[in-house]
Amino acid sequence: MPQPKPSPALDAMALAFDEAKAAALRGEVPVGAVVMRDGTVLASAGNRTLELRDPTAHAEMLALRLACEATGSERLIGCDLYVTLEPCPMCAAAISFARIRRLYFGAGDPKGGAVENGVRLYESPTCHHAPEIYGGLRESEAATLLRDFFRDRR
């Protein structure tokens, strides 16, 4: 009997977690991101702020840049972004500017998030584009990954 195919969303989050774990091994905050369109991965990345000495080298920013290169466009129409942590204000704005269709994220970020916490960028009247938002995917696993990383660094 044929096995059911895994959901693209589950596959994308699994890849985002792989990127987050690889970031942790590099000493970076363990956040991973994946951009998909029509079930195809266009780009994936993990945080590289320390490695690149670049405060904008968040997983989301890197994945968006790579996806734009792959598509040849600054707009990622019809694309979905999967990220292990709620995006910060910088990343949330870039997601809006890129016209991401759907944003899926793992753990919420009460201190630095800008989607369901903090400034709630997509609720602002000056926000030109708000993606559909689906938070809490593998939330416990994402929170544990971050908690363990910071515990080990203290």
Side-chain angles (χ1 to χ4, degrees), residues 5-24 28-49 52 54-150:
K5 285 188 173 182
S7 154
L10 294 177
D11 288 347
M13 278 307 277
L15 181 54
F17 272 96
D18 290 345
E19 290 284 359
K21 291 171 186 172
E28 303 275 1
V29 175
V31 178
V34 173
V35 177
M36 288 189 72
R37 180 187 284 155
D38 300 327
T40 300
V41 173
L42 297 178
S44 65
N47 275 356
R48 292 186 179 276
T49 59
L52 299 176
D54 178 355
T56 71
H58 289 195
E60 301 95 307
M61 299 294 286
L62 297 173
L64 290 173
R65 288 175 190 152
L66 290 169
C68 287
E69 286 178 27
T71 62
S73 175
E74 76 284 4
R75 300 280 188 250
L76 297 172
I77 307 296
C79 292
D80 301 330
L81 176 67
Y82 298 80
V83 61
T84 57
L85 181 66
E86 176 183 358
C88 72
M90 173 185 66
C91 294
I95 290 163
S96 176
F97 294 145
R99 305 300 193 262
I100 289 291
R101 176 179 57 182
R102 293 184 194 108
L103 168 64
Y104 298 88
F105 68 88
D109 187 354
K111 289 183 179 178
V115 178
E116 291 182 347
N117 293 285
V119 299
R120 297 180 182 217
L121 182 79
Y122 304 130
E123 294 176 18
S124 170
T126 60
C127 180
H128 296 292
H129 170 79
E132 294 175 30
I133 301 163
Y134 302 92
L137 272 73
R138 296 172 64 175
E139 182 174 18
S140 176
E141 182 181 354
T144 297
L145 182 64
L146 287 157
R147 191 171 34 254
D148 290 351
F149 175 80
F150 287 112

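If you're wondering where the values come from, they're calculated on a predicted model, not measured in any experiment.
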[X] side chain near [Y] side chain, heavy-atom distance below 4.5 Å:
{"X": "Ile95", "Y": "Leu81", "result": "yes"}
{"X": "Thr56", "Y": "Arg65", "result": "yes"}
{"X": "Leu76", "Y": "Cys68", "result": "yes"}
{"X": "Val31", "Y": "Val83", "result": "yes"}
{"X": "Leu42", "Y": "Thr71", "result": "yes"}
{"X": "Val115", "Y": "Ile133", "result": "yes"}
{"X": "Arg101", "Y": "Pro131", "result": "no"}

Working to the nearest 0.5 angstrom, can you tell me the gap between [X] [atom1] and [Y] [atom2]?
{"X": "Leu145", "Y": "Ser140", "atom1": "CG", "atom2": "OG", "value": "11.0 Å"}
{"X": "Cys79", "Y": "Arg99", "atom1": "SG", "atom2": "CZ", "value": "13.5 Å"}
{"X": "Glu141", "Y": "Arg138", "atom1": "CD", "atom2": "CZ", "value": "4.0 Å"}
{"X": "His58", "Y": "Leu64", "atom1": "NE2", "atom2": "CG", "value": "12.5 Å"}
{"X": "Glu28", "Y": "Arg48", "atom1": "CD", "atom2": "CZ", "value": "7.5 Å"}
{"X": "Leu103", "Y": "Glu60", "atom1": "CG", "atom2": "CD", "value": "8.5 Å"}

Non-hydrogen atoms of [X] and [Y] that approach each other most closely:
{"X": "Glu19", "Y": "Gly46", "answer": "OE1-N, 3.4 Å"}
{"X": "Ile77", "Y": "Arg37", "answer": "O-NH2, 3.0 Å"}
{"X": "Ala143", "Y": "Ala107", "answer": "N-CB, 3.9 Å"}
{"X": "Ser124", "Y": "Thr126", "answer": "OG-OG1, 2.9 Å"}
{"X": "Ala114", "Y": "Cys88", "answer": "CB-C, 3.6 Å"}
{"X": "Ala67", "Y": "Val35", "answer": "CB-CG1, 3.7 Å"}

Q) Any chance CZ of Phe97 has more than 12 other-residue heavy atoms, nucleotides or ligands included, within less than 6.0 Å? A) no

Q. Honestly, is Arg102 close enough over Tyr134, meaning NZ or CZ under 6.0 Å from the six-membered ring centre and within 45° of the axis?
A. no

Under 3.5 Å, side chain of [X] to main-chain N/O of [Y], donor-acceptor pair present?
{"X": "Asn47", "Y": "Ala59", "result": "yes"}
{"X": "Glu86", "Y": "Glu116", "result": "yes"}
{"X": "Tyr82", "Y": "Gly32", "result": "no"}

Q.
Using the side chain to side chain contact (heavy atoms under 4.5 Å, CB included) definition, which of the options Asp109, Thr84, Leu85 pairs with Leu146?
A. Leu85

